[in-house]
Amino acid sequence: IICNKEDVIKAIETNNVKFIRLQFTDIQGVVKDVEIPVTQIEKALTTGISFDGSSIEGFVRIDESDMVLKPDIRTFAILPWNNDKGLVARMICDIYMPNGKEFEADPRYVLKKVMKEAEEMGYELNVGPELEFFLFEKINGKATVVPHDYGRYFEFAPTDLAEDIRREIVLTLMDLNFDIEASHHEVAFGQHEIDFKYGDALTTADNVMTFKYVTRTIAKMHGLHATFMPKPIAIENGSGMHVNLSLSKDGENAFYDENGDMQISETARQFIAGVLKHIKAISCIANPLVNSYKRLIPGYEAPVYITWSGANRSSLIRIPSPRGKSTRTELRSPDPSCNPYLTFAAILAAGLEGVRNKMDPGKIMDYNIFDLTKQERAERGIETLPSTISESADYLENDELLKSTLGEHVHDNILRLARAEWDAYRTQVHDWEIQRYLNTI
Ligand code: ADP
Ligand code: MG
Ligand code: MG
Ligand code: MG
Ligand code: MG
């Protein structure tokens, strides 16, 4: 385990590492990096490496553009794929301003700020995301939406053609210190899921970023295209990123209560209440694309209504059956196109508000909500998730808690990006409209 500067230098020397990729994530959740030869490592570990922040989406500041990357030593890992020019390692970085202060729009900083608040209340958040993705064929080097196989949920060879690729992704992730729990074919043709063990929010957000580029890289080595697009095929399940959450206090799971109703604690209920209260605004972060909302429709195992339940999978939040150490809530709306740092920060802030204000999540809806009529839903006070990114943006704009959690800079930029995304979409005339209207209207 790497804990200090000397460990890094030693690991570089013993493994004959030649290059270091300094990585960070922009507001939209895209991983960026700058590569340095090992000759620069001393400088990187002491003063940091400067870069021009004004070219990074959402980082633009008129007054400041010289940012500094300072690697988080604990994220040092050697990238396991071959490189004939010498081994390459990566470190995930924090972003600083030239005056030495932390950059308020660095997604890692935003998350660390909320984690600190939790810590002050005596809690630590555990997060376990389930990333789903598609493997598609490439034709003439170009990605298509032709599924790589015609397997379904939990199927195996010969219908699941991706066993070897999944194993290679799993092995690569294990080389990068992931604790893998399971991998399986998902419901849609060409769709897969690989589950890794939950951890603290920051480590897990870092892991989500690593997971995505490892998956894409291994797929590419096999001549395939991996995508985390939420809904690539209209008539198939989309790809979600369920987020499993629990708080621990003094090393114990604070969501478990042996004697509580459903064996969950008041803290768990309050946390859920906070998340339910803010979920419409959280959607703008957890479901940031036009395409995200095409997944959140009835009929495809994705949530639509703002409810919580026991093990029933039609709810937005459910309590998976395991108890004791594994007691957790599962938030089912986020998708893997989100920025995981900001998404976990928003969820944690909302949950903590629920705990702080001892909020009540209301009654569980332990039946299939999709079977209710509109009127029955209205009678039960069941609300609906936003149905477009534009609607989510309106909720985020007016959410004071999330505004202070994200900081003004990130809040403004997320809104700007969400509205630009919506405008880009609504100003197009789509093929669907031509097919539907051209000959009949
Ligand atoms: P599902 O039944 O919804 O498919 P999975 O088994 O695919 O669930 O994923 C469960 C996730 O929950 C894993 O990432 C696991 O590590 C995580 N998890 C387990 N216990 C906890 C906990 N106490 N807090 C947060 N996450 C947890
Ligand atoms: Mg799963
Ligand atoms: Mg599972
Ligand atoms: Mg799944
Ligand atoms: Mg799940």
Side-chain angles (χ1 to χ4, degrees), residues 115 118 123-135 151-155 160 162 166 169-170 173-174 177-208 210-211 215 228 230-232 236-258 262-265 267-268 271-272 275 286 295-296 300-303 308-336 340 343-344 347-348 351:
M115 288 168 72
Y123 293 114
E124 192 190 340
L125 179 70
N126 301 305
V127 192
E130 304 167 50
L131 284 98
E132 294 171 334
F133 60 91
F134 279 83
L135 291 177
R152 289 295 193 189
Y153 190 65
F154 271 42
E155 284 183 347
D160 175 4
R166 270 204 319 270
I169 297 169
V170 167
L173 291 170
M174 285 165 77
N177 304 325
F178 278 64
D179 194 345
I180 302 292
E181 292 186 336
S183 83
H184 60 86
H185 204 290
E186 255 303 337
V187 172
F189 293 148
Q191 193 188 30
H192 304 276
E193 177 175 316
I194 297 173
D195 299 313
F196 53 93
K197 187 169 188 229
Y198 67 93
D200 70 84
L202 184 66
T203 307
T204 305
D206 285 342
N207 283 346
V208 168
T210 305
F211 183 100
T215 301
F228 293 91
K231 185 84 175 185
E236 293 277 359
N237 277 8
S239 292
M241 186 180 83
H242 297 167
V243 180
N244 293 267
L245 303 149
S246 65
L247 291 176
S248 36
K249 193 168 205 165
D250 307 323
E252 299 284 319
N253 188 325
F255 279 8
Y256 179 56
D257 179 356
E258 205 185 354
M262 294 164 73
Q263 290 195 312
I264 60 168
S265 66
T267 309
F271 190 93
I272 290 168
V275 175
R295 169 178 161 258
L296 302 173
Y300 295 95
E301 294 185 30
W308 72 293
S309 72
N312 181 338
R313 286 174 195 258
S314 73
S315 264
L316 171 69
I317 294 181
R318 89 183 169 98
I319 317 286
S321 319
R323 290 295 183 269
K325 238 178 74 185
S326 304
T327 313
R328 60 185 186 264
T329 67
E330 179 190 45
L331 177 65
R332 296 169 64 84
S333 59
D335 71 58
T343 299
F344 299 164
I347 296 169
L348 178 57

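Everything quoted here is computed from the prediction, not taken from an experiment. Indexing begins at 1, ligand by ligand and atom by atom, following the structure's order.
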> Where on Asn126 is there a heavy atom closer than 4.0 Å to ligand 1, on the side chain, on the backbone, on both, or on neither?
both
> Check for me whether Phe255 has a heavy atom closer than 4.0 Å to any atom of ligand 1.
no
> Of all N/O/S atoms in Glu330, which lies nearest to the Mg ion (ligand 5)?
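In Glu330, the heteroatom (N, O or S) nearest the Mg ion (ligand 5) is OE2.
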> Applying a strict 4.0 Å limit to heavy atoms, is Arg318 in contact with ligand 1?
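Within the 4.0 Å threshold, so yes.
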> May I ask you to identify, for Thr327, whether its side chain, its backbone, both or neither come under 4.0 Å of ligand 1 on a heavy-atom basis?
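Looking at Thr327 and ligand 1, just backbone atoms fall under 4.0 Å.
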> Hey, looking at atom 10 (C) of ligand 1, which of His242, Glu186, Arg328, Arg332 has the closest heavy atom?
Arg328
> Is the shortest side-chain N to carboxylate O distance from Glu130 to Arg332 below 4.0 Å?
no
> Of all the N, O or S atoms in His242, which has the shortest distance to the Mg ion (ligand 5)?
ND1
> Relative to the heavy atoms of Lys325, which atoms of ligand 1 are at a distance of less than 4.0 Å?
23 (N)
> For atom 15 (C) of ligand 1, tell me which residue out of Glu181, Glu130, Lys197 has the closest non-hydrogen atom.
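Among Glu181, Glu130, Lys197, the closest heavy atom to atom 15 (C) of ligand 1 comes from Glu181.
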> Taking the side chain from Arg318 and the backbone from Ala311, do they hold a donor-acceptor pair closer than 3.5 Å?
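Here the side-chain-to-backbone pair exists.
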> Counting from 1, what ligand 1 atoms have a heavy atom of Glu193 closer than 4.0 Å?
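Listed by number with element: 7 (O).
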